[in-house]
Amino acid sequence: MSATTRRPPPGPLEYGRRAWMRLTLLATFVFLYAPIATLVAFSFNDSRRNIVWRGFTLKYYEKAWNNDSLLEAFTNSLTIAFASTLASTVLGTLAAVALWRFRFPFKGPHEAAMALPIVIPEICMGVAMLVFFARIGWPTGLPWPLNLGAITIAHISFSFPFVAVVVRARLASFNRELDEAARDLGASEWQAFRDVLVPWMSPGLVAGALLAFTLSLDDFVITFFTSGPDTVTFPVKVYSMVRFSVTPEVNAASTILIAITLVITSVALWMQGRTAARRADGSGGVTEAGSADG
Amino acid sequence: MEGWRTNRRVFWTFFTPPTAWLVLFFLAPLALVWGFSFGEKRGLVEIAINGTLENYVRALDPLYLRIFAKSFWFAALTTLICLAVGFPVAIAITFAPSRWKPILLLLTILPFWTNLLIRTYALIAVLRTRGYVNFTAEWVWEKTNAALGWVGLGDLQLVGERFEPFQMLYNNTAVVFGLVYVHLPFMVLPLYAALDRLDRSYLEASLDLGAGQIRTFASVVVPLALPGIVSGVIITFIPALGSFLTPDLLGGTDSQMIANVIERQFKSANDWPFGAALSFILMYVTFFALALRAVTSRGRSAMEAA
């Protein structure tokens with residue numbers, strides 16, 4: 001028995017150590033990441049041809065920044081995302097609490113209807129929104145930002161059910177006795193909601209809001225059907241640029257969007273990890289979140 | 001849980017806003033499209049809903065049946081490839097050392113969070129005739145040619161007279177490739193979830209009793225992971241069937257899927273009733289697949305309970 005024994009060959013169940021398994025895993029990740037990685041890398045490439053590496057440059061970011069229509073689309077996207085996030089978080093939370101707390105007739109169909117925006121094909125929802133806004137005579141040509149109303153409404157419709165799912169998952173671990181205790185101690189409905197339930201839900205609220213934000217920022221298909229010539233969002237603009245040609249400018253714009261979503265996702269995952277860790281501690285997350293609230 | 005009558009005021013406060021929003025800005029638009037699917041086009045914007053089934057009959061036209069068949073074929077092929085690629089990946093993640101697992105899972109989920117349009121665009125940049133794959137191929141061609149010339153075989157033009165770039169875009173292969181690229185994580189996650197729950201002593205028992213790895217896989221792993229497989233297949237198939245962007249950007253004139261036909265009815269062809277009928281057919285197929293999934297998972301849990 002020497003200290004330099006070789007590692008034993010993989011056991012029958014150690015599939016992770018088999019060479020061909022590792023190779024499959026590696027090949028899959030290369031397949032998934034190589035296109036995005038090249039796209040990001042070549043946004044910094046100092047060559048119009050976009051193929052040969054000719055040195056590092058930020059000029060395409062500068063170009064994208066000076067492209068007024070691109071910037072306008074970007075502003076539109078952020079405005080819509082903020083408005084949609086705010087409304088979907090409120091609506092999603094209300095729906096989650098209503099479904100979690102109450103029994104009511106036709107609850108099953110209600111839940112199914114609430115899940116519909118998550119499951120139906122995007123194209124169906126897109127055409128529904130197009131038909132709807134055209135039919136009810138939704139005013140067009142309003143001044144900014146009111147002209148983004150139709151897109152924002154469509155985004156809220158597909159985002160708030162996702163928020164409801166996330167918040168409801170968080171509520172499932174809530175100890176109802178805390179709510180009863182608050183009431184026994186004389187809290188009103190509103191006080192119990194604000195000081196007990198909301199602090200408990202807060203990680204779910206943040207995760208849901210971040211999800212709503214990325215969903216809105218990333219959506220192309222549904223927006224494509226609700227946007228008009230003066231209400232272009234970032235993905236719709238990128239789409240028209242892609243149809244036209246493949247240029248480093250589009251790479252730069254795409255890289256920015258990837259970076260934004262990555263940051264938001266990491267924050268969401270980090271928050272989730274933190275709550276999971278706190279729950280594992282076993283101590284009341286309520287008091288902690290409650291004191292932060294007060 | 002309390003009944004809604006115990007505290008009506010609170011119930012209505014929570015219940016009304018989201019429900020009203022859902023009805024007004026989601027169910028009403030869908031109902032409108034459903035109504036239009038039984039309508040007839042009269043003039044440029046006028047549509048009369050007169051209960052005709054003509055739009056659905058027109059969807060049975062061989063032209064559209066072919067597109068439906070093609071969409072099913074693309075989605076099925078995508079699902080199959082995702083299953084074949086996703087299974088080893090899911091197994092590798094399941095049996096990876098525990099400190100690697102979260103990282104591998106994160107790497108699988110991360111593409112989800114990258115914009116679909118951007119991922120498709122990245123594929124275009126890689127696969128087009130002046131893209132990175134062809135550039136690499138041309139470089140290999142040049143080197144081979146030079147090497148052949150150096151050993152005195154240059155005159156034979158063994159690798160062709162000139163470099164011909166591969167036409168990898170704007171055809172059916174490109175669409176399926178793109179669909180697999182986009183939907184692979186959908187398959188890996190449910191497979192992983194099923195495999196992770198699997199009791200490893202069954203595998204050990206099977207191997208101890210003399211079954212080989214392949215036999216163990218076929219008669220132990222696959223049956224036990226079946227709910228995960230069904231789930232993954234349906235979760236991959238549904239969005240693949242309704243894809244719009246991938247065939248639109250990567251496909252040629254010959255590789256249109258249902259969603260592209262629907263889009264055309266609403267944008268350029270301006271035949272809303274027919275487009276409405278097509279989009280509801282797509283929706284019914286989706287519901288059918290979801291019902292299938294619900295039934296299989298229910299049957300499964302009933303079996304486990306028994």
Side-chain angles (χ1 to χ4, degrees), chain A residues 12-16 21-22 24-25 28-29 31-32 34-36 38-39 51 91-92 94-95 97-98 101-104 110 113-114 116-117 119-124 127-132 135 153 156-157 160 164 189 214 218 220-221 225 235 238-239 242 246 250 254 257-258 261-262 265, chain B residues 1-4 10-11 14-15 17-19 21-22 25-30 32-33 36 85 88-89 91-92 95-97 107 111 113-119 121-126 128 130 132 135 181 184 200 203-204 207 242 244-245 249 259 262-263 266 272 275 279 282-283 286 290:
Chain A
L13 281 183
E14 288 181 302
Y15 298 110
M21 279 288 187
R22 288 184 172 185
T24 320
L25 212 53
T28 310
F29 286 134
F31 168 66
L32 285 178
I36 303 175
T38 39
L39 179 131
I51 287 176
L91 288 171
L94 292 178
V97 173
R101 187 167 155 187
F102 294 102
R103 252 174 309 159
F104 52 88
H110 189 278
M114 197 72 111
L116 267 188
V119 298
I120 68 165
E122 276 190 303
I123 184 98
C124 298
V127 300
M129 290 298 167
L130 167 76
V131 168
F132 178 70
R135 256 312 122 125
I153 287 172
I156 295 167
S157 290
F160 89 88
E189 248 338 303
T214 40
D218 272 354
F220 166 73
V221 175
F225 284 96
V238 170
Y239 174 77
V242 168
V246 175
V250 186
S254 309
L257 195 57
I258 293 175
T261 9
L262 274 187
T265 315
Chain B
M1 209 175 287
E2 49 193 298
W4 67 281
V10 177
F11 171 72
F14 282 108
F15 181 81
T19 311
W21 188 282
L22 192 73
F25 293 121
F26 179 74
L27 295 178
L30 278 190
L32 200 61
V33 175
F36 277 176
V85 177
V89 172
I91 291 178
F95 291 94
L107 280 174
W113 295 88
T114 315
N115 193 309
L116 172 66
L117 174 65
I118 290 175
R119 277 188 287 161
Y121 166 71
L123 274 189
I124 296 180
V126 169
R128 71 203 165 113
R130 299 180 58 85
Y132 309 124
F135 177 71
Y181 179 65
L184 189 59
R200 290 184 194 186
L203 302 189
E204 281 163 11
L207 292 171
F244 166 72
L245 207 53
L249 287 177
I262 295 174
E263 187 255 357
F266 282 94
W272 288 15
S279 75
L282 178 60
M283 208 120 77
T286 309
L290 286 172

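Just so it is clear: chains get the letters A, B, ... in the order the sequence lines come, proteins before strands, and each one is counted from 1.
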Minimum-distance pair of heavy atoms, taken over all atoms of A/R103 and B/G3: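 Nearest pair, atom of A/R103 first, then B/G3: NH2-N, 3.2 Å.
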Contact class of [X] relative to chain B, heavy atoms under 4.5 angstrom:
{"X": "A/T214", "answer": "side chain"}
{"X": "A/L262", "answer": "side chain"}
{"X": "A/V131", "answer": "both"}
{"X": "A/F31", "answer": "both"}
{"X": "A/Y239", "answer": "both"}
{"X": "A/S157", "answer": "both"}
{"X": "A/I123", "answer": "side chain"}

Proximity breakdown for B/L107 and chain A, heavy-atom pairs closer than 4.5 Å: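 Backbone plus side chain of B/L107, per the 4.5 Å heavy-atom cut-off to chain A.
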For A/E189, all residues meeting side-chain hydrogen bond (donor to acceptor under 3.5 Å, both in side chains), sequence neighbours excluded: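 A/E189 satisfies side-chain hydrogen bond (donor to acceptor under 3.5 Å, both in side chains) with A/R101, A/R183, B/N7 only.
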side-chain hydrogen bond (donor to acceptor under 3.5 Å, both in side chains) partners for A/T24, two or more places apart: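 Result, side-chain hydrogen bond (donor to acceptor under 3.5 Å, both in side chains) vs A/T24: none returned.
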Plane angle bin for B/F11 and A/F102 - parallel if under 30°, tilted between 30 and 60°, otherwise perpendicular: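 A/F102 and B/F11: perpendicular rings.
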Proximity of B/F15 and A/F104 rings by center, below 6.0 Å: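 Yes, the ring of B/F15 comes within the 6.0 Å limit of the ring of A/F104, centre to centre.
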